[in-house]
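These numbers come from a predicted model, not from an experiment.
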Amino acid sequence: MTFSTFNNGLGRLAAAGALALSVSVGIGACERRPGTGGADTATGDIIVGMYGSLTGDGASFGQSSREGTELAVDEINTGAGLLGGRKIRLLVEDDQSKPEEASNAVTKLVTQDKVVAVLGEVASRRSLAAAPVCQKYQVPMISPSSTNERVTEVGDYIFRVCFIDPFQGEVLAKFAFNDLKARKVAILKDIQQDYSVGLTDSISKHFTALGGQVLPPVSYSSGDADFKAILTQVRSQQPDAVFATGYYPEAAIIVRQARELGMKMPILGGDGWVGDALKNGREALNNTYISNHYSADNPDPVVQNFVKAYRAKFNREPDAIAALAYDSVKVLADALTRANSTEGPKLRDALAAADVPGVTGRLRINDKRNVDKPAVIQEVTYANGEVKFVYKTTINPN
């Protein structure tokens with residue numbers, strides 16, 4: 001998913017800002033040669049890099065991703081390790097929720113810290129900024145949750161463990177048409193976010209193919225706080241449902257202002273709604289729905305073991321971003337084991353053949369370095385100051 005803007009001002013930002021973000025060793029002046037593996041290629045720690053929005057407007061995403069990554073790394077390191085008992089040493093860089101800083105962070109991890117692989121980013125815009133660095137130096141990159149389809153098109157060293165926007169749009173369109181019985185829909189899209197633009201295009205395509213009518217999308221920009229003018233325009237067209245395809249900060253304001261204008265129809269969004277600031281929507285969140293990567297109330301033992309471990313370590317509920325980050329580490333660990341090497345080309349080949357049971361579904365990498373797996377629809381509710389995502393249905397790929 002792509003993300004920018006809106007400082008949610010929550011206490012977790014302070015904690016994220018206080019983290020020791022990176023401990024680098026073996027920094028050298030010479031440029032790394034492509035495909036040469038990590039700083040310690042035969043013995044010692046396996047150096048893995050992660051970059052994310054630990055501060056800035058997207059810090060909720062970055063915090064969840066960091067926590068899911070750390071949980072998986074801890075499990076590996078307290079167990080048997082990898083490649084004959086070696087531990088993972090995780091180096092974390094903060095990209096401050098900025099694409100240019102994402103590129104800088106990954107350049108440092110690859111050329112100075114000599115990581116064997118890179119994990120990140122959540123936001124498609126920042127993944128697209130950093131992926132060319134990994135491709136150039138033949139260092140595999142695994143995005144946990146960048147859903148824009150262009151991310152893996154950067155090159156054959158770029159992978160992801162989440163579904164992509166064309167499928168997410170199909171899921172939302174099907175649910176609105178088949179389950180909510182909507183026949184005319186409006187879409188609000190954030191023109192600054194690749195995620196929102198891609199999701200809008202997919203929803204429009206699939207809803208129209210089902211026989212529904214899509215009104216011309218209405219645009220806004222990240223950071224906007226007053227949507228009443230465009231919502232009044234949408235209200236006049238009397239849609240059966242509204243899609244808000246941007247991120248949680250603006251989504252929270254959109255649903256609240258829509259209800260203030262008397263708009264009682266269902267409002268739907270994608271996985272970009274998952275974030276702390278969504279609770280600013282308050283009671284207006286009732287009768288809203290999102291597509292998501294997993295549901296914590298899934299009885300599958302893989303899911304429940306993850307939820308239990310996450311709660312014990314971080315004392316809060318894991319969201320889908322944390323689950324995807326956890327899965328990305330497990331896919332990397334499996335590939336390292338099968339490759340029996342940290343060399344870039346060998347690790348790339350192993351990742352391309354990944355087939356791992358994950359918290360968010362079976363993680364089987366296809367020939368486009370994406371995964372084919374189901375999505376869930378969740379109803380969003382708000383009560384007593386708490387946002388809940390309640391499982392509604394699962395929609396599988398065709």
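Of all heavy-atom pairs between G246 and S196, the closest is N-OG, 3.7 Å. Taking each heavy atom of T147 and S124 in turn, the nearest pair found is N-OG, 3.3 Å. Scanning all heavy atoms of the two residues, the minimum distance from T245 to I187 falls at CG2-CG2, 3.9 Å. Across every non-hydrogen atom of A350 and A335, the tightest pair is CB-O, 3.4 Å. The heavy-atom pair separating C134 from I158 by the smallest distance is CB-CD1, 4.0 Å. When all heavy atoms are compared, the tightest approach of R160 to T152 is NH2-OG1, 3.1 Å.
Taking the side chain as every heavy atom from C-beta outward, E75 and Y326 approach each other to under 4.5 Å. Using a 4.5 Å cut-off on side-chain heavy atoms (C-beta onward), K114 and I47 make no contact. By the 4.5 Å heavy-atom criterion applied to side chains, M265 and P239 are counted as neighbours. For the pair P144/L119, no side-chain contact is recorded, criterion being any heavy-atom separation below 4.5 Å from C-beta on. Under the 4.5 Å side-chain criterion, counting only non-hydrogen atoms from C-beta, Y137 is not in contact with V118. Within the 4.5 Å cutoff, the side chain of M50 has heavy atoms near those of the R66 side chain. In this structure the side chain of C162 never reaches within 4.5 angstrom of the side chain of Q168, judged on heavy atoms. The closest side-chain heavy-atom distance from E121 to Y51 is below 4.5 Å.
A single hydrophobic cluster is not seen to contain both V307 and I321; linkage of ILVMFWY side chains at heavy-atom distances under 4.5 Å, directly or through other members, places them apart. I395 and F177 fall within the same hydrophobic cluster, defined by Ile, Leu, Val, Met, Phe, Trp and Tyr side-chain heavy atoms under 4.5 Å apart, directly or through other members. Hydrophobic clustering keeps Y391 apart from V387 (ILVMFWY residues linked when any side-chain heavy atoms are closer than 4.5 Å, directly or through intermediates). The hydrophobic cluster containing F389 also contains L199, counting ILVMFWY residues as joined when their side-chain heavy atoms lie under 4.5 angstrom apart, directly or transitively. Under the 4.5 Å side-chain heavy-atom criterion for ILVMFWY residues, no single connected hydrophobic cluster contains both I164 and V161.
Judged purely by atom type and a 3.5 angstrom limit, T288 has no side-chain atom pairing as donor or acceptor with the backbone of L268. Checked by atom type and distance alone, the side chain of T360 never pairs as donor or acceptor with a backbone atom of L324 at under 3.5 Å. At least one donor-acceptor pair closer than 3.5 Å links the side chain of K184 to the backbone N or O of Q237. No donor-acceptor distance shorter than 3.5 angstrom exists from the side chain of R235 to the backbone of A258, with no hydrogens or angles considered. Between the side chain of D95 and the backbone N or O of S97, at least one donor-acceptor pair lies under 3.5 Å.
Remark: K388 NZ to T381 OG1 distance equals 6.5 Å, nearest 0.5 Å. Here CG of D240 is found 9.0 Å from CD of Q213. Values are rounded to the nearest 0.5 Å. Going from atom CD1 of I254 over to atom NZ of K228 covers 13.5 Å, rounded to the nearest 0.5 Å. We find the CG-CD distance between N148 and Q193 to be 10.5 Å, quoted to the nearest 0.5 Å. Between the CG atom of N104 and the CG atom of L109 there is a distance of 11.0 Å, given to the nearest 0.5 Å. One finds the NZ atom of K330 at 13.0 Å from the CD1 atom of I142 (value rounded to the nearest 0.5 Å).
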CA sep, side-chain torsions, deciding dist, call: N77, I88, side chain to side chain contact (heavy atoms under 4.5 Å, CB included): CA-CA 7 Å; N77 288 346; I88 292 177; 3.8 Å; yes
Step-by-step salt bridge (Lys or Arg N to Asp or Glu O under 4.0 Å) determination, E283 to R259: CA-CA 9 Å; E283 289 81 2; R259 302 313 186 206; over 6 Å; no
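Applying side chain to side chain contact (heavy atoms under 4.5 Å, CB included) to D327 and the options L332, V359, V302, V371 leaves one that passes, V359.
R364 has no carboxylate O lying under 4.0 Å from a charged side-chain N of D372, or vice versa, which leaves the two without a salt bridge. The existence of a salt bridge linking K313 and E70 is excluded, since no basic side-chain nitrogen approaches an acidic carboxylate oxygen closer than 4.0 Å. We find that E149 and K368 are not joined by a salt bridge, their nearest charged nitrogen and carboxylate oxygen being 4.0 Å or further apart.
Ring pair F243/F207 is perpendicular by interplanar angle, where above 60° counts as perpendicular and below 30° as parallel. Below 30°, between 30° and 60°, or above 60°: for F306 and Y310 the angle between ring planes is between 30° and 60°, a tilted geometry.
With a 6.0 Å radius and a threshold of 12 heavy atoms from other residues, nucleotides or ligands, Q238 has its CD atom at or below the threshold. Within a 6.0 Å radius of NZ in K346, other residues, nucleotides and ligands contribute 12 heavy atoms or fewer. Counting non-hydrogen atoms of other residues, nucleotides and ligands closer than 6.0 Å to CG of N315 gives a total of 12 or fewer.
Looking at D319 and S64, their side chains do bring a donor and an acceptor atom within 3.5 Å of each other. A donor-acceptor contact under 3.5 angstrom links the side chains of E67 and Q63, judged on distance only. Side chains of E379 and N286: no donor on one and acceptor on the other come within 3.5 Å. Under 3.5 Å, the side chains of D94 and T55 contain a donor-acceptor pair of N or O atoms.
The ring of Y248 has its center closer than 6.0 angstrom to the ring center of F61.
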